[in-house]
Amino acid sequence: MTFSRAIKIAPSILAADFADFGAECAAVEAQGADWIHVDVMDGHFVPNISFGATTCAAIRPHIKGVMDVHLMIAPVDPYIEAFAGAGADIITAHLEAGPHIHRTLQAIRGAGAKAGLALNPGTGLDGVENLLDLVDLVCVMTVNPGFGGQKFIDMTAKIRRLRSMIGDRPVHIEIDGGVTAETAPLVAAAGADVLVAGSAVFKGGSARDPAPYGKNIRAIRAAAEAAL
Ligand code: DX5
Ligand code: ZN
């Protein structure tokens, strides 16, 4: 993974056909996805359960590029080895998931993955400053995590401040939740480079009829790039 601030579109397979993840991942990659975003939910940290490390390992051979695993679970630490072993390139944990996020980020890097730090909409940037040298990505949630298809919450001011805090560090800013061709320009202009999109990518298509995926990805990318 070479670092770049170019706009990357990361479809969230939370909006894909759960009975056909392998074909869905291959289809969105063939249609122009840069990363595949994999949402893990435990029914405890967030009010919904998706799937775990075994599913991630099963999906892995169907992804050619980056597997970006977003852990919406608490605790995180007992599961890091399992997700690294499943082949995650990036493992993102929530700042709110426990009292020792610093240790968690160290453990993620120690397991050989890139480390991501996710922030709920209600969380400020105070706690982030001391972690910036431990992370490869900060994920600014633009919905309260737990479900796909929610309405975008404007976090533009937070993204802008985060972008200036990051400075020259090779740290991605990822936006997750409610990203569409309408909201992508706002977050791209504020400094985001990774745009997660679930419903806005998977709407209208399927693994057997993937052309709509390509159209959706191109629309989000074009809108984001036009704002730069
Ligand atoms: C929310 C997840 C997101 C979400 C994105 O808990 O982390 O990745 O599924 O889906 P959309 O793009 O539909 O908001
Ligand atoms: Zn996510």
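Each ligand, and each atom within it, is numbered from 1 in the order the structure gives.
Each of the atoms 7 (O) of ligand 1 lies under 4.0 Å from some heavy atom of H70. Numbered from 1 in the order shown, with element, the atoms of ligand 1 that lie under 4.0 Å from a heavy atom of M72 read 6 (O), 7 (O). Close contacts between ligand 1 and P145 involve ligand atoms 6 (O) [criterion: under 4.0 Å to a heavy atom]. Set against the non-hydrogen atoms of S12, the atoms of ligand 1 under 4.0 Å away are 8 (O), 9 (O). Near G148, meaning under 4.0 Å from any of its heavy atoms, are these atoms of ligand 1: 9 (O), 10 (O), 13 (O). The distance from ligand 1 to the heavy atoms of M41 drops below 4.0 Å at these ligand atoms: 6 (O). Short contacts between ligand 1 and V196, defined as distances under 4.0 Å to a heavy atom of the residue, involve ligand atoms 8 (O). Of all atoms in ligand 1, listed by their number and element, those nearer than 4.0 Å to a heavy atom of G149 are 11 (P), 13 (O), 14 (O).
Distances from the Zn ion (ligand 2) to the N/O/S atoms of H37 are shortest for NE2.
For atom 12 (O) of ligand 1, the closest non-hydrogen atom on the protein side is G198 N, 2.7 Å. Among all protein heavy atoms, the one lying closest to atom 1 (C) of ligand 1 is F147 O, 3.6 Å. Protein heavy atom closest to atom 13 (O) of ligand 1, with residue, atom name and distance, is S199 OG, 2.3 Å. Of the protein's non-hydrogen atoms, G178 N, 2.9 Å is the one closest to atom 14 (O) of ligand 1.
A side-chain donor-acceptor contact under 3.5 Å links R169 to the backbone of M165. Remark: the backbone N or O of D154 is not paired with any side-chain donor or acceptor of K158 at under 3.5 angstrom.
Compare L14, V38, T183, D176 by their heavy atoms: the one nearest to atom 5 (C) of ligand 1 is in D176.
Residues V143 and I49 do not share a hydrophobic cluster, clusters being chains of Ile/Leu/Val/Met/Phe/Trp/Tyr side chains in contact below 4.5 Å. The hydrophobic clustering, which links ILVMFWY residues whose side-chain heavy atoms are closer than 4.5 Å, places V66 and I63 apart.
Residues V40 and D42 form no side-chain contact, since every pair of their non-hydrogen atoms from C-beta on lies 4.5 Å or further apart.
Distances from ligand 1 to the non-hydrogen atoms of A197 include at least one value under 4.0 Å. Under a 4.0 Å heavy-atom criterion, A15 is not in contact with ligand 1.
A donor and an acceptor atom, one from each side chain of D176 and H70, are located under 3.5 Å apart. Checked by atom type, the side-chain pair H94/E96 shows a donor-acceptor distance below 3.5 Å. Between the side chains of S50 and D39, no donor-acceptor pair is found at a separation under 3.5 Å.
To the nearest 10 degrees, the angle centred on the Zn ion (ligand 2) between OD2 in D176 and OD1 in D39 reads 170°.
When all heavy atoms of A88 and A113 are compared, the closest pair comes out as O-CB, 3.9 Å.
Counting backbone and side-chain atoms alike, H70 contributes an N/O/S atom closer than 2.8 Å to the Zn ion (ligand 2).
Screening D89, I36, I91 for a side chain to side chain contact (heavy atoms under 4.5 Å, CB included) involving M67 leaves a single residue, D89.
At least one N or O atom of G146, backbone or side chain, sits closer than 3.5 Å to an N or O atom of ligand 1.
In summary, K8 and D193 engage in a salt bridge, as defined by a charged side-chain N under 4.0 Å from a carboxylate O. D68 has no carboxylate O lying under 4.0 Å from a charged side-chain N of K114, or vice versa, which leaves the two without a salt bridge.
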